[in-house]
Participant: 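Quick one: the structure is below, and I'll ask about it shortly.
The structure displayed is predicted, hence computed values, not measured ones. In what follows, chains carry the letters A, B, and so on, assigned in the order in which the sequence lines appear, proteins first and then strands, with residues in each chain numbered from 1.
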2 protein chains.
Amino acid sequence: MDKVKPTIEDVARAAGVSRASASRVINDAPGTSDLVRARVHAAVAELGYRPNEVARALASGRQRAVDVVAVTCGRPTGWLGTDPYFSRILAGVMPVLDGVNAQLRLHTIDRERAAEAIETIARNATLGAVLADTTPDLATRFYRRCRRIVSMVPTAAVVPAMLADNIDGVIAAVDELHRLGRRRIVAIHGPAVNPCATDRRTGFRRAVRHLGLVEVSADGDFQRDGGYRAARRLLDQDPEIDAMFVANDLMAAGAVQAITATGRRIPDDVSVIGFDDSIAAVCANPQLTTMRLPVEDMAAAAARLLLNGTPAPGHRQRFPVDLVRRDSTPH
Amino acid sequence: MDKVKPTIEDVARAAGVSRASASRVINDAPGTSDLVRARVHAAVAELGYRPNEVARALASGRQRAVDVVAVTCGRPTGWLGTDPYFSRILAGVMPVLDGVNAQLRLHTIDRERAAEAIETIARNATLGAVLADTTPDLATRFYRRCRRIVSMVPTAAVVPAMLADNIDGVIAAVDELHRLGRRRIVAIHGPAVNPCATDRRTGFRRAVRHLGLVEVSADGDFQRDGGYRAARRLLDQDPEIDAMFVANDLMAAGAVQAITATGRRIPDDVSVIGFDDSIAAVCANPQLTTMRLPVEDMAAAAARLLLNGTPAPGHRQRFPVDLVRRDSTPH
DNA sequence: GCTTCGTCTGAGAGCGCTCTCGGGTCTATC
DNA sequence: GATAGACCCGAGAGCGCTCTCAGACGAAGC
């Protein structure tokens, strides 16, 4: 039996051509005659040849793989398992890679050991890295060391990024609440270190100012517990609240629990709009009206960008954030 | 500037030893004198040398990486982004790999093109593959082609696996419901193709028989929607239902919505126990009492097993499934 | 008929590492 | 003092591929 895997050498021999020619046709490189091409293809098929990606990577100096990296910003171990955002990025990147015979690698990097991690990833010389989650300074450092990256969150202007219209999204959410007749609209924000949270904070400020409302908000941590606690605080502070904008669905799920726990009804007494349209939005009860972040599309676009070579400095792609009406706002 | 990365050759030269010796100390191989070891370490530190993993893989015929693979069993594109189970596996594997300088690769394989995917992964010659989700037949095929795998779901007896006590878990859940005075306990099961779902079905059957109750159940799909619909059906069929065991939290979140939508109160009118203790359990309202599946621990154990070489055929590790009391059962 | 150009092909030199194997040195044993 | 054994070390042969470069060949131009 031919247990041993055939090499390109075997293919070349079987096709009666040189290794170089075999390599050329296998890689669709120009400068091969139809005859050679046909013979090599036949040999490949006959032997069941598959290129050894490792050897390929060593010789060419580049690996057909994309790194997806997330920064563990002081989050608890295992956060990855409960973060609905991260897995959506994976879900977006995966299909585009599958189509082109590229691999997906996962990395989580600690802020403390970031330098080393960046170095490791940079030396790998893959097609590039998708920064799932990062702080601006880290993204910049990463970019300086290795240009083939694209951030999924707002960063310094040079770093290529896929950006959602967070600010407009929040404004749309608050406008919707206002349109529904709500006048005591408060917000629960995400952690200040998170660039998305910052944008959403800005959006809320603009929205309430524009509507002539007072700005009332509490800070959460983008986790359910934080959302619950923030909502309770807000409700204690002002029992007349009639609407909440919550900066992500996970916190919104907690807020919903807090609101019903105080005997209020959703959406009648208090309406809630979340952000992300993650799995948390549909698991909440009632299901959350939320601003849909097209994370999968953004991630797919990021992967495609990387596949096309080094992104241009400051490359930006913007994505709309759309309102999804469910049961936490009146119909 | 030393822009060009130093190779082991450079290290050897700087240390005044041969490449072989440098390699030996870098890999902690036996048979090096203290003097050589010290000199090589010094050279490594001075030059900032980091081994090229690709070259290493080519020469040794093995890549320091673990594959995590999930089977797209007719699930919609993007399911990965909403599956709380899969990301917990990632969360479990990641930290153990981080500690030993190994990488994590992600794969999703289609049932139709499984053969090709298995071949690809097998040829990669990584440390092994963690089958996050699979059907028994596919796991067996995979195992035959490549022994370095471990399944996270029940499979044929030869395939190394990390197994949760699904059956005992379900029995414990139903017993708890019974202990709470519930007598009309129904179940919502997962899809028949899923091996975990099958075990949980078995567990429920045993539990109700043992308690002398009638077995009533509906089938769901492990998704929220399916849980919602199944619960409605069940409630229509028998309005006197006082407890539901739901085979995963995602469906349980849907069931909770269905129950409250019919005006019933949880946990007083109907108590609910889910399964998994995933993010869906805490996002549901009220939060779900559920059976905690130690997915992260199981995944970490799987990764460690692979790190130690080829698992013994039929290797099995069992994990307990514990009750987590929250608000969908009375206190 | 000879040069020139363009197209195709093969030889061979790496890519950076691992690992075997043979030789050299040093201690223990008689 | 000779011999065996243990312990280190270095030379060198790969691992399977890519890619440059020069040569071969044929057509076109003078």
Side-chain angles (χ1 to χ4, degrees), chain A residues 2-41 43-44 47-65 101 103 120 122-127, chain B residues 2-41 43-44 47-65 101 103 120 122-127:
Chain A
D2 48 352
K3 250 184 189 163
V4 54
K5 341 176 199 178
T7 71
I8 200 174
E9 189 80 48
D10 300 324
V11 171
R13 202 175 310 120
V17 302
S18 72
R19 205 168 61 240
S21 291
S23 172
R24 266 187 287 260
V25 355
I26 289 166
N27 292 295
D28 276 323
T32 50
S33 65
D34 291 350
L35 178 66
V36 168
R37 206 180 344 260
R39 299 226 306 242
V40 171
H41 281 143
V44 165
L47 297 176
Y49 170 77
R50 318 261 310 247
N52 177 326
E53 293 298 338
V54 174
R56 221 178 219 193
L58 180 60
S60 70
R62 196 154 290 288
Q63 303 191 54
R64 287 197 66 75
N101 181 33
Q103 296 188 328
T120 303
R123 299 226 181 171
N124 265 354
T126 56
L127 297 173
Chain B
D2 50 351
K3 250 186 187 158
V4 55
K5 339 177 199 179
T7 70
I8 198 173
E9 188 79 49
D10 300 325
V11 171
R13 200 175 313 120
V17 302
S18 72
R19 204 167 61 242
S21 291
S23 172
R24 266 187 288 260
V25 354
I26 289 165
N27 292 294
D28 275 324
T32 50
S33 65
D34 291 348
L35 177 65
V36 167
R37 201 172 359 251
R39 298 226 308 240
V40 171
H41 281 143
V44 165
L47 298 175
Y49 170 77
R50 318 263 308 246
N52 176 327
E53 292 299 337
V54 174
R56 218 178 221 192
L58 179 60
S60 70
R62 196 153 292 286
Q63 303 190 55
R64 286 197 67 76
N101 181 34
Q103 295 189 326
T120 302
R123 298 225 183 172
N124 265 355
T126 56
L127 298 172

Participant: Taking only residues at least two apart or on different chains, which pairs with a member in residues 24-41 of chain B satisfy salt bridge (charged side-chain N to carboxylate O under 4.0 Å, His left out)?
Facilitator: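 Qualifying pairs, neighbours excluded: B:Asp34-B:Arg37.
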Participant: Taking CD from A:Glu53 and C1' from D:dG16, how many angstroms apart are they, rounded to a whole number?
Facilitator: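 So the two atoms are 11 Å apart, to the nearest Å.
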Participant: Heavy atoms under 4.0 Å, any strand shown: does A:Gly31 hit a base, just sugar-phosphate, or nothing?
Facilitator: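 Base: the residue A:Gly31, judged by heavy atoms under 4.0 Å, touches a nucleobase.
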Participant: To the nearest Å, give me how far apart CG (A:Asp28) and P (D:dC19) are.
Facilitator: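 The answer, rounded to whole Å, is 13 Å.
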Participant: Could you work out which one of D:dG16, D:dT18, C:dC17 sits closest to the side chain of B:Thr7?
Facilitator: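 Per side-chain heavy atoms of B:Thr7, the pick is C:dC17.
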Participant: Working to the nearest 0.5 Å, report the span between CG of A:Asn27 and OG1 of A:Thr32.
Facilitator: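 Interatomic distance, A:Asn27 CG to A:Thr32 OG1, rounded to 0.5 Å: 11.0 Å.
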Participant: Which of these nucleotides, C:dC15, D:dC19, D:dG14, is closest to any side-chain atom of A:Ser60?
Facilitator: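 Among the listed nucleotides, the one closest to the side chain of A:Ser60 is D:dC19.
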Participant: Taking the side chain of A:Ala20 as heavy atoms from C-beta outward, which of C:dC17, C:dG10, D:dG16 is closest to it?
Facilitator: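 Minimum distance to the A:Ala20 side chain belongs to C:dG10.
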Participant: Is the phosphate of C:dT9 approached by A:Ser33 (side-chain N or O, under 4.0 Å from OP1 or OP2)?
Facilitator: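 A:Ser33 to C:dT9 OP1/OP2: side-chain N or O found under 4.0 Å.
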Participant: Tell me whether B:Glu53 contacts the main-chain N or O of B:Arg64 through its side chain, where contact means a donor paired with an acceptor under 3.5 Å.
Facilitator: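 Checked: no pair found.
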Participant: Measure from the side chain of A:Tyr49, starting at C-beta and using heavy atoms only, and say which of C:dC17, D:dC19, D:dC17 lies closest.
Facilitator: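 It is D:dC17.
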Participant: D:dG16, C:dT18, C:dC17: which one has an atom nearest the side-chain heavy atoms of B:Asn27?
Facilitator: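 Of the candidates, C:dT18 comes closest.
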Participant: Any donor-acceptor pair, under 3.5 Å, between the side chain of B:Arg24 and the base of C:dT18, if you only look at N and O atoms?
Facilitator: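 Result: no qualifying N/O pair found.
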Participant: Looking at the side chain of B:Ser21, which of D:dG10, C:dT9, C:dG16 is the nearest nucleotide?
Facilitator: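 Looking only at side-chain atoms, B:Ser21 lies closest to D:dG10.
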Participant: Could you tell me the separation between the CG atom of B:Asn101 and the CZ atom of B:Arg50, rounded to the nearest 0.5 Å?
Facilitator: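 So the gap between those two atoms works out to 8.0 Å.
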Participant: When you check the phosphate oxygens OP1 and OP2 of C:dG10, does a side-chain N or O of A:Ser18 lie under 4.0 Å from one of them?
Facilitator: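 Checking A:Ser18 against C:dG10: at least one side-chain N or O falls below 4.0 Å of OP1 or OP2.
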Participant: By nearest heavy atom, map B:Pro30 and A:Val54 onto DNA chain D; which one lands nearer the 5' end?
Facilitator: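 The residue mapped nearer the 5' terminus is B:Pro30.
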Participant: Without decimals, in angstroms, what is the distance between A:Arg56 CZ and D:dT18 P?
Facilitator: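 Distance, rounded to whole Å: 5 Å.
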Participant: Quick one: B:Gln63 CD to D:dG16 P, roughly how many Å, whole number?
Facilitator: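 After rounding, the reported distance stands at 13 Å.
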Participant: In whole Å, I'd like the distance from the CZ atom of A:Arg50 to the C1' atom of D:dG16.
Facilitator: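 My rounded result for the distance is 16 Å.
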Participant: In whole angstrom, what separates A:Arg19's CZ from C:dG12's P?
Facilitator: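 My rounded result for the distance is 10 Å.
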Participant: Report the distance from atom CZ of A:Arg56 to atom CD1 of A:Ile26, rounding to the nearest 0.5 Å.
Facilitator: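 The CD1 atom of A:Ile26 is 7.5 Å from CZ of A:Arg56, to the nearest 0.5 Å.
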Participant: Got a second to check how far B:Leu58's CG is from B:Gln63's CD, nearest 0.5 Å?
Facilitator: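 Reported value, rounded in 0.5 Å steps: 10.0 Å.
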Participant: Rounding to an integer number of Å, can you tell me how far B:Asn52 CG sits from C:dG16 C1'?
Facilitator: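 Going from CG in B:Asn52 over to C1' in C:dG16 covers 6 Å.
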Participant: Out of curiosity, A:Asn52 CG to A:Lys5 NZ, how far, rounded to the nearest 0.5 Å?
Facilitator: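 Going from the CG atom of A:Asn52 to the NZ atom of A:Lys5 covers 6.0 Å.
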Participant: Just report the end-to-end axis angle for the helix from C:dG1-D:dC30 to C:dC30-D:dG1, five pairs per end, to 10 degrees.
Facilitator: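 That helix has its two terminal axes inclined by roughly 50°.
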Participant: Hey, does A:Ser21 have a side-chain heavy atom less than 4.5 Å from the side chain of A:Val40?
Facilitator: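 A:Val40 does not reach A:Ser21 side chain to side chain.
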Participant: Can you tell me the distance, in whole Å, between the CZ atom of B:Arg13 and the C1' atom of D:dG10?
Facilitator: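 B:Arg13 atom CZ is separated from D:dG10 atom C1' by 15 Å.
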Participant: Can you figure out which of C:dT18, C:dT9, C:dG12 approaches the side chain of A:Val36 most closely?
Facilitator: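 Side chain of A:Val36 sits closest to C:dT9.
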